[in-house]
Amino acid sequence: MIRKAKALFTAWLSHMTIYRAEIIIWMLAGMLPLIMMTVWIGKAQAEGGSTGGFSSSQFAAYFLAAWMSGQMTVAWVAWDMSFAVRQGTFSVKLLRPINPFWEYFMQHVTERFVRYPFVFLVVVVGVLLVPGTVLVKQLEHVVVYFFAIILAFIIRFLIAYCIGLACFWLENATALDELYFVLSIMLAGTFAPLEFYPAWLRGLLEYLPFPYIIYYPAQILTGQLDWTQMARVLAVQLLWVGVFFVVYQIMWRLGRKQYGAVGA
Amino acid sequence: MIEVQNLEKHYLVAEKEAGIKGSLQSFFKRQTKTVKAVDGVSFQIASGEMVGFLGANGAGKTTTLKMLSGLLHPSAGVARVAGFVPFERRSSFLKSITLIMGQKQQLMWDLPALDSFLVNQAIYEISDSDYQATMREFTELLELEGVLKKQVRKLSLGERMKCELAAALLHRPKVLFLDEPTIGLDVNMQVKIREFIREYNQRFNATVILTSHYMADVTALCKRIIVVDKGKIIFDGDFSGLLETASPIKIIGLQLERQLSATDLQSYGTLSSLEGLNATFRVARSEVSQRSAKMLSELPIADITIEDPPIEEIIGQLFSRAEVRA
Amino acid sequence: MKFTRLISIFMGASLSLQLEYRANFVVNLVETALRLLGSILALSILFGDGKAIAGWSFPEAMVVLGVFTFFDGLMGMLLFPNLSKIAEGVRTGTMDFVLLKPIDAQFLVSFRNIDVLKLPDVLLGVGIIIWALNQTGTSFFQIILGIGLLLLAYGIVYSIIFMLSTTAFWFVRVENVTELFWGVYRAGQFPIQVFPGWVRTVFTFVIPIAFITTVPAQAFTGQLENSSIVWALGLSVGLIALSRWFWRFALRSYTSASS
């Protein structure tokens, strides 16, 4: 298993380094949180330095952390699978003595290593541009964030993979993925820290996976949560991983019988 | 090695009339019908055998191969390959087969083929020594020297196909499903691939099922032929048997010493062409010896050939006969 | 007219193609509704404390959102289905067939396909504009001026995306470049004045998003300065002319794909 992972990692790493320019572009295309950051900073400045208890530098810290979390949890596997099923190349993956899930998983994990340096660079520039921004207060938060973001990525990946498996039944699963994307922008905390959301929506979000992918990791990194709160976040994340893993298993079993191996 | 009993695969397909009106209709109320792509197919293939799978487009060849390799779940029937039920996708099953479909990419487009080979080595858990040995053999047989380190997208079609083959056979599968392995390649390259497949079959005693549009692939490689039409097997047997059942005629070609008219020749059989000094006849198989003896004794003949009709024609006749029966 | 007839034939054909995928139709409708809901949520959160931002009240900002949604839909409906095919045509060599046809090639690559899935977006955009203008009040003259500026804005949007897509003649993977534009365009759902100083300058003069959403919205609500009209007119005409020149220039680099 470790050997397989290592081989896939090495190969994907060389693959991804070839596509580094694209990775940077995709990274910048997802800059809605950064746009929102400037909007909120503009509002805070217009209202004499702070709005709703957040100052410019606090907004900067939150949105930079949120953007970084979004970047670290990007998953395009639904799109890839949909394409592979239509082109028939998914058959090739099915023929190998390894579940395609792991191949895609490794591909995504590897991509993080190529993407992270650029993300880090943007975050550093952001911190320098907005005076007084403190992204990390204590080093422990970075450690907890590390685990939280891994779990967040697994949740996102599992969701995307299940959406991808849906193309065994649907003509095209990319539209569903798009749907997920729109929902996540709205509900994960990309527009604003969830503190600004209406109370009823805030309550509802606790029962959805979205805030656990972006909002809570960002809160952990910027040191807004105490230890019990952080433990709760990690526990809920684990729960979501479990839920979507079961969904994935069921869909995989049923979907394979449905698979038409179209396109010769 | 391969056992198939009453294998079936059904698809649901949507139908629509042409034009916007039809589109709108089918948008609200979709017409579907069930198509039996494979309709009760049974056969057995022994270890080491090479079998040609023939049939028109859509006859069910590829669907059958996909069921045998575990990609598709059969709608009915049983298939066993190398002792496994394909659809279960056991690791040891997948390690003992390969399916090659034209130019379908195993290889990572932007990397040298060697990188993809290393990935396959790990995925198929091939030991370093086996890997080295196989690579040495393949490099020699397929003339891969200098090709392996180039980016795949920069390879020519033929070079790419050779690398695809090597990648697909790196784990030395015992069963090969080859779906149009030479499609789009030039004649020279077709011959090379064919030779490689034969060599592989002999060295590893591998079982091979081959579909191809190029009759030459099949005649060169396979003793046994299975012909499918509309999801059913209409012939299963060796080549000579195919000729006897499907083609009751032989073709006699004459080279004459002097010009003769069509009327002079008509009494010797059905004259199918006469160009200058060359004449060809279509003669019933049972009458060949008697007719040719008569020609030799009565006509001014420089040379005589007795041949089977081209295989394409035979298969065509087989199909039209199946049509009549159905 | 030859061009209008051609457009209707092209669109009929691509319409029947899309009706094939009815699941997509429903999903897309839901997506559009959600997207809009998201944008309204973002605005209402931003205006949650009831204060005007940079001189914009909530309904006025909604006009900007309406224009944004309208163009979002229009781009998806008319521009992307066509312009994304330029890259494909260059890569596969099918651009040959376009260039061989006895019609203006830029016209042909620009108006061949239509994505009717995006029509609801366009209509929703118009709906929001009407709803928001009902709150703020407007006049007949302002509406005419607004529509005029929408047309100019369309010229700007078209030229930018067209030129980005035309870079396909040099760079093979151009879809990423348009993706980048999409990302930046999202900033257009807010009035330009909301942004702090230098960001505003970038969105006005470097990537003229201000002229696509904010300026038409200002025309509708009667806040437009005369100088903006001149700027919009100059920018639109200038960019269209530039796009035509750029297309001819790019054609010189076309190497018909051989295999």
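The analysis underlying the following values was restricted to heavy atoms, covering all of them including side chains, and did not include hydrogens, waters or symmetry mates. Sequence lines set the chain letters: A, B, ... in the order given, protein chains first and strands last, and positions in each chain run from 1.
When the candidates Leu37(C), Val194(C), Ile45(C) are compared by the number of heavy-atom contacts under 4.5 Å with chain A, Ile45(C) comes out ahead. Of the listed residues (Gln45(A), Met31(A), Met186(A)), the greatest number of heavy-atom pairs within a distance under 4.5 Å of chain C belongs to Met186(A).
Of all heavy-atom pairs between Gly38(C) and Phe191(A), the closest is O-CE1, 3.0 Å.
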Is there a side-chain contact (heavy atoms from CB on, under 4.5 Å) between Ile35(A) and Phe195(C) once you walk through the steps? CA-CA 9 Å; Ile35(A) 293 173; Phe195(C) 294 97; 3.7 Å; yes
CA sep, side-chain torsions, deciding dist, call: Leu183(A), Arg35(C), side-chain contact (heavy atoms from CB on, under 4.5 Å): CA-CA 8 Å; Leu183(A) 269 179; Arg35(C) 203 184 278 274; over 6 Å; no
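Judged by distance alone, with hydrogens and angles left aside, the side-chain atoms of Lys43(A) form no donor-acceptor pair with the main-chain N or O of Ile53(C) at under 3.5 Å.
Taking CH2 of Trp40(A) as the reference point, atom CG of Leu46(C) lies at 5.0 Å (rounded to 0.5 Å). Atom OG of residue Ser44(C) and atom CZ of residue Phe196(A) lie 13.0 Å apart, to the nearest 0.5 angstrom. The OG1 atom of Thr38(A) sits 7.5 Å away from atom CH2 of Trp198(C), with the distance rounded to the nearest 0.5 Å.
Contacts of Ala46(A) with chain C are absent, with no heavy-atom separation under 4.5 Å from either backbone or side chain. Heavy-atom distances place the side chain of Leu129(A), and not its backbone, under 4.5 Å from chain C. For Leu187(A), no part sits under 4.5 Å from any heavy atom of chain C, backbone or side chain. Looking at Val199(C), the atoms closer than 4.5 Å to chain A (heavy atoms on both sides) all sit in the side chain, from C-beta outward. Interface remark: Thr190(A) contributes no atoms to any contact with chain C (heavy atom separation under 4.5 Å).
For the side chain to side chain contact (heavy atoms under 4.5 Å, CB included) with Val182(A), the qualifying choice from Leu34(C), Leu36(C), Val30(C), Thr32(C) is Leu34(C), the only one to do so.
Other residues, nucleotides and ligands contribute only 12 or fewer heavy atoms inside 6.0 Å of the CH2 atom of Trp231(C). The number of heavy-atom neighbours closer than 6.0 Å to CD of Glu206(A), taken from other residues, nucleotides and ligands shown, is above 12. In Tyr180(A), the OH atom is crowded: over 12 heavy atoms of neighbouring residues, nucleotides or ligands sit closer than 6.0 Å. The number of heavy atoms from other shown groups lying within 6.0 Å of CZ (Phe58(C)) is above 12.
Side-chain atoms of Phe190(C) and Met36(A), non-hydrogen and from C-beta on, do get closer than 4.5 Å to each other.
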